[in-house]
Amino acid sequence: MQIAVCVKQVPDTADIRIHPETNTLIRDGVDAILNPFDAYAIEEALRLRDRLGEATVTAVTMGPKQSEAVLRQALAMGADDAVLLSDRAFAGADTWATSLTLSAALKKLNAKIILCGKQAIDGDTAQVGPAIAAHLGFSQVSYLTKVIDISGDCLRVERLLDHGRETVQVPVPTVMTVVRELNNPRVATLNALRQARNKPIPCWTSQDLLLNAEEIGLPGSPTEVREIFSPEVRGRAEMIQTQSIEQAVTLLMQRLGQLPGEDRP
Amino acid sequence: MNRILPLPISYETCPAVIGAEKIAEEYAGFLADESRMRANQLERLYLPQSAEQAAFAIRELHDMKKSCLVSGGRTGITGATSPISTDATVSLAKMNRILAIGHDGEGYYARVEPGVSLQELMKRLRLRDVLDLPGATEAEKESAEAFRREHSRFWFPVDPTELTAHIGGAVANNASGARSYRYGAMRNWVKALKVVLPDGRLIAFRRGQIRADSGCFLLIQPDGSESTIPIETLTLPRTKATLGYPLREGMDLVDLFVGSEGTLGAIVEIELRLAKQPQTIAGVLTVLDHEEQALELVEQLRRRSDLPLNAVEYFDDAAMLLLQNLQIKNQADLPPLVKWEGPALYFELGCENDELDDALNALETFLDNHGVDPAATWAEDNDTGLERMKHFRHAVPEAVNATIGRHAERVPGLHKVGTDMAVPPTQLRQAMIMYREGLRQTGLTSVVFGHIGDCHLHVNILPETLDELARAKDLYRSWAMEVARNGGAVAAEHGIGRIKKSMLEIQYAPESLAALRRVRHALDPKGLFAPGVLV
């Protein structure tokens with residue numbers, strides 16, 4: 001069984017500043033990191049491999065040459081292989097074109113179980129995972145919190161909802177996007193890190209994936225960005241700090257009493 | 001040259017909060033610091049935003065004969081910024097601007113106000129966010145432009161655990177941390193200082209400019225006369241140390257103020273040397289079978305020059321057990337290690353990209369040759385992973401504090417007894433035997449961790465009863481006497497403050513303590529500055 005995990009290199013948003021005039025990200029000196037949710041996806045892929053026995057895990061990313069770094073992180077954690085999708089023609093892709101490109105690679109890998117982080121912290125769309133499932137015609141589970149069991153061609157899994165959890169049974173092949181609650185990602189040993197740093201990583205271009213120039217990158221991206229702006233700050237959090245809960249509640253009641261009538265709870 | 005000539009200064013009125021009641025109600029945080037020592041009251045709180053305002057405040061207090069304490073981030077753990085029996089605090093927290101990044105031919109430097117936190121400086125350097133700095137000269141503006149274009153990264157390499165600490169405090173305390181193994185303490189990085197003296201006068205000086213000569217510095221008085229600051233030569237430890245003033249003939253005036261814990265003046269501006277940052281940093285944690293193996297590895301490492309080590313840290317098996325319990329209970333974001341039982345060593349490597357493979361290879365072979373289980377390692381070469389390792393390391397003192405906090409809920413008055421002593425490399429094994437023997441004989445519970453590469457371990461004793469607390473203190477004193485006798489330092493990075501004054505009395509003979517007091521008296525004859533701190 002081929003298990004694939006889609007990972008992404010993202011700017012460390014802890015360092016992100018917005019240019020006050022252009023409203024664009026200032027990327028100067030900002031470190032590129034593995035999208036935090038993807039570490040949980042890698043871990044779950046490795047656990048599934050161990051549970052299934054005869055399976056391999058391949059990490060896939062689309063990006064420039066330097067995004068190889070996140071593939072090496074996956075390899076250090078224990079992934080068997082990694083593939084970089086890199087081509088100038090991929091540049092400017094929106095979530096549609098990105099998921100289409102990734103789907104082509106996943107198809108070429110013959111991946112049957114595909115794991116992704118629930119979203120990337122730079123775009124926060126949470127669209128790429130589900131879109132891969134749509135492109136490939138696979139079943140999909142978003143917000144995966146637990147893989148309960150694997151039987152035959154089915155997985156019984158638990159997913160996070162707004163107000164609870166849901167257990168679902170999904171047929172394989174499937175795409176699952178994961179949340180932090182799923183697991184605690186393992187760490188690399190010294191030997192694994194050393195080997196991962198030097199393992200050859202194949203690079204696939206649009207030609208390798210038999211994709212036309214019109215369906216990928218900017219030309220293949222129907223999304224149109226009309227405007228980017230920083231939302232106006234509408235309110236300010238106020239911390240109530242007191243010696244006791246009683247005092248805090250009293251203060252809170254007083255504060256709420258000051259609100260206009262329609263805003264009162 | 002040993003003459004110190006104060007500069008002319010235009011004093012500016014300083015924002016102040018007057019009245020013990022108002023301060024207790026609205027500024028209660030200023031009554032204590034991280035040591036949890038708490039003053040009953042504080043009469044005046046000054047919040048200067050410039051050196052001129054700070055000087056105004058200090059001169060006013062001097063003229064009113066009111067005692068005063070200078071504070072910054074108040075992250076110190078020896079009570080040096082808790083205003084006990086003090087009339088006023090001058091907080092430099094609002095003097096928090098990075099003034100300039102420049103280049104002086106030798107290398108880049110940062111000129112900062114004391115209230116800039118270490119993490120703020122580190123972040124701004126990392127992001128190269130150094131343009132339009134408020135104190136930059138034209139030449140410094142050009143240097144800052146060049147800094148942004150540099151292919152290499154530059155950083156401030158000293159990394160005390162508490163990165164919210166203010167630079168002024170870190171300088172006043174000669175702070176250090178894990179990377180002192182390679183980079184030394186704050187002292188090594190201070191190029192120049194501006195200081196407001198206890199009488200409100202301002203002095204500015206660069207390293208190399210003013211040195212003690214003929215047993216003294218000479219401070220020029222307003223009437224042109226000279227007052228003597230006597231500098232006798234002390235027997236200093238051969239290790240890293242924060243023991244007040246490292247007095248010796250020929251000492252640099254910068255070194256008199258670095259580590260002076262706010263007793264000689266208020267440091268209002270600092271120029272720090274920056275270093276080229278290694279292109280890549282890797283961290284390796286390895287869990288061992290027993291403590292002897294750790295000591296052997298550290299001793300052997302000293303003979304290796306092929307490993308570009310920034311830091312070598314130690315966690316004994318009790319520390320690892322604390323962390324494992326946190327991990328199992330999911331109380332901290334700690335990774336699932338393959339092995340938790342046994343002590344651990346952490347190595348940080350820093351080098352060029354193309355050197356890291358060789359360095360990792362050499363370390364792996366080294367560990368392999370010493371029988372370390374290859375599966376019981378954790379290695380990271382990226383920023384997220386290194387952050388996770390830092391979190392892991394910092395979780396030890398946090399877990400210790402949480403444990404003693406639980407004990408103190410049951411028995412009020414309990415606190416941990418934490419050592420901060422460094423010994424010369426030849427004494428490390430002996431010191432460890434002494435610690436273990438003392439702990440075994442007294443039956444006290446402890447956690448040992450810290451900067452083993454610098455032979456500087458923190459033994460944290462966790463008493464559960466007041467009787468155990470008394471025994472822990474006795475044990476600490478007996479260790480300190482041994483450490484001082486063998487050329488070590490009883491305080492290596494936390495400072496003396498109020499809590500460790502008895503340690504200084506163990507370190508130094510009465511005549512040496514008197515020499516420290518004479519320096520202090522020469523600069524603060526009225527004894528108004530930081531009363532009760534240091535000596």
Side-chain angles (χ1 to χ4, degrees), chain A residues 7-20 25-40 42-43 46-47 66-78 121 180-181 183-199 241-243, chain B residues 28-29 123-131 147-150 153-154 280 282-287 327-328 330 332-339 347 349 353 356-368 372-389 392:
Chain A
V7 296
K8 186 180 185 187
Q9 191 178 46
V10 295
D12 188 349
T13 48
D15 285 343
I16 286 291
R17 290 163 299 145
I18 308 285
H19 193 285
L25 298 184
I26 302 173
R27 288 175 184 262
D28 250 12
V30 174
D31 291 315
I33 60 168
L34 171 70
N35 178 45
F37 294 109
D38 299 351
Y40 302 87
I42 297 168
E43 174 62 31
L46 299 174
R47 290 184 185 195
Q66 59 265 32
S67 47
E68 245 185 41
V70 293
L71 295 175
R72 297 205 183 277
Q73 260 178 269
L75 290 170
M77 282 174 71
I121 57 168
R180 287 178 198 271
E181 289 84 345
N183 56 44
N184 185 5
R186 71 191 63 186
V187 292
T189 64
L190 175 54
N191 187 266
L193 178 79
R194 218 168 51 70
Q195 295 202 10
R197 288 177 56 83
N198 293 297
K199 190 174 169 89
Q241 285 176 325
T242 54
Q243 300 288 335
Chain B
K123 185 173 177 179
R124 294 277 292 274
L125 293 173
R126 186 159 44 85
L127 299 176
R128 301 176 192 237
D129 183 9
V130 296
L131 296 185
F147 181 91
R148 277 176 62 86
R149 292 192 303 269
E150 282 280 358
R153 282 188 178 191
F154 289 81
T280 184
V284 179
L285 183 94
T286 169
V287 186
Q327 206 267 345
I328 290 168
N330 211 7
D333 180 24
L334 300 174
L337 296 188
V338 173
K339 178 181 173 185
F347 308 95
L349 302 157
N353 280 336
L356 186 61
D357 284 327
D358 286 345
L360 289 173
N361 199 6
L363 183 60
E364 192 179 4
T365 308
F366 172 75
L367 294 175
D368 200 34
V372 174
D373 177 4
T377 56
W378 168 20
E380 299 282 1
D381 66 349
N382 62 78
D383 290 335
T384 320
L386 288 165
E387 266 309 306
R388 207 170 179 203
M389 283 184 145
F392 180 94

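Chain naming here is simple, since letters A, B, ... match the order of the sequence lines and numbering starts at 1 in each.
In this structure the side chain of B:Asp383 never reaches within 4.5 angstrom of the side chain of A:Asp12, judged on heavy atoms. The shortest side-chain heavy-atom distance between A:Leu34 and B:Asn382 does not fall under the 4.5 Å cut-off.
Side-chain atoms of B:Thr384 do not come within 3.5 Å of backbone N or O of A:Ile33 as any donor-acceptor pair.
For B:Leu285, no part lies under 4.5 angstrom from a heavy atom of chain A. Within the 4.5 angstrom heavy-atom criterion, atoms from both the backbone and the side chain of B:Asn361 approach chain A. For chain A, the nearby part of B:Leu367 is the side chain; its heavy atoms alone come within less than 4.5 Å. With a 4.5 Å cut-off on non-hydrogen atoms, B:Asp373 does not touch chain A at all. Interface residue A:Leu190: backbone and side-chain heavy atoms are both found under 4.5 Å from chain B.
Here the closest non-hydrogen pair linking A:Arg186 and B:Pro336 is CA-CG, 4.0 Å. Here the closest non-hydrogen pair linking B:Pro335 and A:Val187 is CB-CG1, 3.5 Å. Nearest heavy-atom pair across A:Asn184 and B:Gln327 is ND2-NE2, 3.1 Å.
The candidate with the highest count of non-hydrogen atom pairs below 4.5 Å against chain A, out of B:Asp129, B:Asp368, B:Leu337, B:Leu125, is B:Asp129. Here B:Glu364 is the residue among B:Glu364, B:Arg388, B:Arg128, B:Glu380 with the most heavy-atom pairs under 4.5 Å with chain A.
If you take CZ on A:Arg194 and CG on B:Asp358, they are separated by 10.0 Å, rounding to the nearest 0.5 Å.
Applying the ring pair (Phe, Tyr, Trp, His ring centres under 6.0 Å) criterion to A:Tyr40, with sequence neighbours excluded, gives no partner residue. For the side-chain hydrogen bond (donor to acceptor under 3.5 Å, both in side chains) test, no residue two or more places apart in sequence or in another chain qualifies with B:Glu387.
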Tell me, with the steps shown, if B:Leu360 and A:Leu193 meet side chain to side chain contact (heavy atoms under 4.5 Å, CB included). CA-CA 9 Å; B:Leu360 289 173; A:Leu193 178 79; 4.0 Å; yes

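Ion pairing between A:Asp31 and B:Arg153 holds under the 4.0 Å rule for side-chain N and carboxylate O.
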